[in-house]
Amino acid sequence: WIGAFTQGLLNTGLVVGIGLVFLLLMRSSGYPREFFGVRFAKDWRKELRETLGATAAFVVALTLLKLALIGLIPALRGFELLEASLLDGRQALFVACYVALVPLMELCVRGGLQSSIEESLRGHKHRRRHAIVLSSALLAALHAHVSPLFAIGVFATGLVWGTIFS
């Protein structure tokens with residue numbers, strides 16, 4: 001019932017608002033910034049290469065999966081591998097905003113949620129795994145309004161990034 005432009009503005013505002021609340025909560029929590037994954041590693045270049053490499057491999061794998069599904073499932077034969085609408089001006093602006101906000105979202109989800117969930121499960125045998133799955137599921141739920149398929153992709157990506165974070 002609202003246009004894509006208005007929805008994009010609302011989503012951006014929501015992410016920034018939630019991000020600010022998380023940053024304030026992290027700051028006032030009494031925990032050191034390292035608890036939330038904010039640290040300045042000596043080998044940050046290596047960690048950045050690993051993260052970007054894992055992300056690129058995952059994007060390639062998802063693209064190949066989509067290509068295979070388009071070719072194998074008759075009902076999907078009309079779908080494009082990449083949507084041309086993502087390249088028009090307005091959509092490109094939203095994609096750029098989304099990409100720019102990913103670090104803030106990841107800080108909130110990994111640093112805020114995943115770290116806190118893992119801490120709250122102290123003593124549990126699989127606390128790290130449960131924290132990754134639960135934080136990824138919560139992030140996916142926040143993206144479900146876009147589409148169920150997008151939420152599934154967010155969940156899968158969250159599992160990858162959550163594992164890297166841990």
As an exercise, state the distance from [atom1] of [X] to [atom2] of [Y], rounded to the nearest 0.5 Å.
| X | Y | atom1 | atom2 | result |
| --- | --- | --- | --- | --- |
| S135 | E118 | OG | CD | 9.5 Å |
| L64 | L69 | CG | CG | 11.0 Å |
| I117 | L134 | CD1 | CG | 4.0 Å |

Can you name the closest pair of heavy atoms from [X] and [Y] and give their distance?
| X | Y | result |
| --- | --- | --- |
| F36 | S116 | CE2-OG, 4.5 Å |
| C108 | G19 | SG-CA, 3.4 Å |
| R77 | G71 | NH2-O, 2.9 Å |

Problem - Aromatic plane relationship, H130 with H126 - under 30° parallel, 30 to 60° tilted, over 60° perpendicular - result: perpendicular

Practice task
For the pair H143 and F150, name the ring-plane relationship: parallel under 30°, tilted 30 to 60°, perpendicular over 60°.
Solution key: tilted

Any side-chain heavy-atom pair of [X] and [Y] under 4.5 Å:
| X | Y | result |
| --- | --- | --- |
| S115 | R110 | no |
| F35 | S29 | no |
| E47 | D43 | yes |
| L139 | E106 | yes |
| V109 | L138 | no |
| E50 | I164 | no |

In a table with atom names and distances, give each donor-acceptor pair under 3.5 Å that connects a side chain of residues 153-163 to protein atoms at least two apart or in another chain.
| residue | atom | partner | partner atom | Å |
| --- | --- | --- | --- | --- |
| T157 | OG1 | G153 | O | 2.8 |
| W161 | NE1 | T55 | OG1 | 2.6 |
| T163 | OG1 | L159 | O | 2.7 |

Practice task
Take atom CZ of R127 as the centre, draw a 6.0 Å sphere, and report whether it contains more than 12 heavy atoms from other residues, nucleotides or ligands.
Solution key: yes

Problem - CG (L65) with more than 12 external heavy atoms under 6.0 Å - result: yes

Same cluster or not: are [X] and [Y] linked, directly or through other Ile, Leu, Val, Met, Phe, Trp or Tyr residues, by side-chain heavy atoms under 4.5 angstrom apart?
| X | Y | value |
| --- | --- | --- |
| F58 | I132 | no |
| V15 | L20 | yes |
| L107 | V21 | no |
| L142 | L104 | no |
| L113 | L23 | yes |

Practice task
Using the test side-chain contact (heavy atoms from CB on, under 4.5 Å), find all partners of R33 that sit at least two apart in sequence or belong to another chain.
Solution key: V38, F40

Fill in the blank from the handout: Taken in chain and number order and not counting sequence neighbours, the residues that satisfy side-chain contact (heavy atoms from CB on, under 4.5 Å) with L67 are L81

Handout entry: V102/M105 under side-chain contact (heavy atoms from CB on, under 4.5 Å): CA gap, chis, key distance, verdict
Key = CA-CA 5 Å; V102 165; M105 287 188 287; 3.9 Å; yes

